[in-house]
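Pasting a structure here, questions to come.
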2 protein chains.
Amino acid sequence: MKSSNNGDGTVGKALEVLDMVASFERPIRFSELLEASPYPKATLYRLVQTLTNQRMLSYDPESQYYRLGIRLVKLAHVAWASSSIAPVVRPHIDALSRDLGEVVHLAQLDNAQVLYIDKRNAGETIPMYSQAGKVGPAYCTGVGKTMMAFLPKDELDEIVSQQSFHRFTPKTLADAESLKAELQAIRDRGYGFDDEEHEPEIICVALPLLSSSGRVLGGISVTSTTNKTDLNGLASFVPRMREAARDIQEEVQNWRFPDQTFTK
Amino acid sequence: MKSSNNGDGTVGKALEVLDMVASFERPIRFSELLEASPYPKATLYRLVQTLTNQRMLSYDPESQYYRLGIRLVKLAHVAWASSSIAPVVRPHIDALSRDLGEVVHLAQLDNAQVLYIDKRNAGETIPMYSQAGKVGPAYCTGVGKTMMAFLPKDELDEIVSQQSFHRFTPKTLADAESLKAELQAIRDRGYGFDDEEHEPEIICVALPLLSSSGRVLGGISVTSTTNKTDLNGLASFVPRMREAARDIQEEVQNWRFPDQTFTK
DNA sequence: AATTTAGTTCCAAATATTGGGACCAAAAAT
DNA sequence: ATTTTTGGTCCCAATATTTGGAACTAAATT
C-alpha cells in the first residue's frame, strides 16, 4: 500500500492525467504536466503516450504541446444525445427563450459543480460545445442553488461541504450557514434566484427538474441583467417556466430510445 | 502473447469499452455490452465499474442501463475550446453562413472519418445528418474528399484503404479508383463538391484548411439542396470561401493562448 | 419447486505497471 | 568550442494490478 491516487488503478490514473490536461484549458508541455502531477517522469510519460495513442490527447511534435484530443468531442456528442434530458429539453428551452426574450440554460450537477448542458441565446442559436460543457460554482448560481435545494439531506450536506465559497461579489453567499438558509427559502418558494451573486448585474431565476420519484435531474434558468429587469420581473417568468418544467418532466418519464426493447 | 486488443494495456481496453457504449448511441444493459465485447464477464464487469466510478459512464440502478457520462461533455468542452482551429473558425463560418445564406460546416479528419467540429445554420434548419461531434464517411462528403485530397501520399493511401465504400446513392463514388480520380480533380480545382453522393438532393462545396507547411488542419463546407441551386451555383461561393479560408489560416498561425509563454 | 438469466464476487496465476536511473539531443551557459 | 542544463525517451527487475474460470446470489421464467 502506498499509491497517492484515487483507487481505480491505471485507468483512474490515466483519466486523472486527462483531467489535469483539461484543467490548464490550453495546450501544455510535458514538463508542465510533470510538475502538476504526482507521478514520476517515466510513469507519466507512458500514461501520456497511451492517451495520445488512443487519441484522447493530441500531440503536436512541432510545438511539443499536448492538448485534449478530438475523440472526446465525438464521445461527448453521443453522451449528450443519449443523456435522458438534453435532447428532450432542447425544444423547450428554445421556446422559453423565444417567448421570454432572454438567455435560457439547462444544467446538471456534476461533482458538486454546475455543468451547463445546453444554452439558448435570445436571438440566435449557439451550437454545441462553445457553451455546453462549461462548469460553474453551485453555491452562487441560480441553477446550482436550486438543484441543491431539492437534493436529499445526506447528499445536500455532502455537496455543501464541497463548495469553495469564494466571494465573487458583495452579494455572494460565502458560507455554509447563509447558503443553507437560502436553500430553505428556495424549497419553500419552489424556485431560486441568483441576485448578482456570481457576477455584478447578472440576475437569474431557476427551476429544478425532478423525476417522478423526486430525484433532481437538472435545472433550467432564465438569465437577465439588472438594467433590463429585477427579481420581481424574473419572478413573473416563473409560471411560463413551470409549464416548461412540467412538460419536460412528463416527456423525460415517457421517453424511450426508438429501438430500446423493454420486457415490462 | 494472446490478447485480442489494441495494445494499450488496461487503459486501451477501458477506452474500447467506452467506444463500445458510444457505438450503441443509446443506453444499454451490461449483458448487451458483454455480447458485443471480447472480454469475459468478470473483466468487463470490472472495467465498467471503474469507468462508472470515474463518471465516464453513468449507471441508472432503476433501469439497469449504462450510458456515457457527463464528464465527457465537460472534457469535450475544453477539447473544443483549446483545439487550434475551432474557436478561430467560429466567427468565420458565422459570417459565411450569414453572407451566403446556407449551412456551413467545419470538420476535421478523425480515424479515416469526417468529424464535424462546428456547424452554423442559416435561417431554418435543413433536416440533415450533422452536428458538432457527429462523424460521417470521408469518401462521400464534400469536406471528407477535400481534406483527403490534400493529404501526403502515404497518408492518403492509408486512409483510402480504410474507407468502407457503401453506395448511399446512385452517385456515390463506391470504389478506390473513382475516389482517387476525384481527389485528383479536387487537387487541380482547389476545392471539392459533394454531388448528392451521401444523401439525395444534398449538395455541397468544400475547401481545405491548410497550415503554412501544407498540413491539412480541417475543412469548411457550404451545403445546399438541388432545388435551391446546383454545383455551378455552389462554385460561385468559392471566392468568398477562399477569403475566409485565407483569414482562418493566417489567424491559426498567429494564434496563441493568452498566457502561453514562448521562449522563441 | 426447478430452471434459466443477469449480475456480482473470489482468488491464484498471469500480466502489466512502476520508477530509479541511464541515455540522448538540443539549448543555454561558460 | 566545450561544458552544463534542460526536456524528453527508454530499460528492466521488483511489484502491484489485472485476469477470468468458476462459484454464488437474486430475480424472473417455466
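Numbered from 1 within each chain, the chains take letters A, B, ... in sequence-line order. Excluded from the calculations below are hydrogen atoms, water molecules and symmetry mates; all remaining heavy atoms, backbone and side chain alike, are included.
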Rounded distance in Å - CZ (B:Arg29) to P (C:dT8):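 That distance rounds to 12 Å.
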Heavy-atom side-chain proximity of B:Arg46 to B:Tyr39 below 4.5 angstrom: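 Sidechains of B:Tyr39 and B:Arg46: no contact.
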Between D:dA22 (C1') and B:Leu44 (CG): distance, integer Å: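 Answer to the nearest Å: 17 Å.
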Candidates C:dG7, D:dC10, C:dT18 - which lies nearest the side chain of B:Ser31: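 Of the candidates, C:dG7 comes closest.
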B:Leu207 to B:Thr146 - nearest heavy-atom pair and separation: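 So the two residues come closest at C-CG2, 3.8 Å.
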Listed nucleotide nearest any side-chain atom of A:Gln64, set D:dG8, C:dG7, D:dT18: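 The listed nucleotide nearest to A:Gln64's side chain is D:dG8.
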Whole-Å distance separating the OH atom of B:Tyr39 from the P atom of D:dG21: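 Taking OH of B:Tyr39 and P of D:dG21, I get 14 Å after rounding.
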Closest to the B:Pro40 side chain, choosing from D:dG21, D:dT18, D:dG8: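 Nucleotide nearest to B:Pro40's side chain: D:dG21.
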Closest to the B:Leu47 side chain, choosing from D:dT19, D:dA22, C:dT18: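 Of all the options, the side chain of B:Leu47 is nearest to D:dT19.
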Gap between atoms CG and P, on B:Asp60 and C:dG7 respectively (whole Å):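 One finds 13 Å between P of C:dG7 and CG of B:Asp60, rounded.
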Nearest-angstrom distance from the residue atom NZ of A:Lys41 to P of D:dG7: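 It works out to 9 Å between those atoms.
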Nucleotide C:dG7, atom P - distance to CD of B:Gln49 in whole Å: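 Distance, rounded to whole Å: 12 Å.
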Contact under 4.0 Å: B:Arg46 side-chain N or O vs D:dT18 OP1/OP2: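 For D:dT18, neither OP1 nor OP2 has a side-chain N or O of B:Arg46 closer than 4.0 Å.
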Presence of A:Tyr45 side-chain N/O under 4.0 Å of D:dG8 phosphate oxygens OP1/OP2: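 No, outside the criterion.
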Nucleotide of D:dT17, C:dG7, C:dG19 approaching A:Ala42 most closely (side-chain heavy atoms):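 Within the option list, the nearest is C:dG19.
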Between D:dG7 (C1') and A:Glu35 (CD): distance, integer Å: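 For the pair A:Glu35 CD and D:dG7 C1', the rounded distance is 12 Å.
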Distance test, side-chain N/O of A:Thr43 to OP1/OP2 of C:dG19, below 4.0 Å: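 A:Thr43 to C:dG19 OP1/OP2: side-chain N or O found under 4.0 Å.
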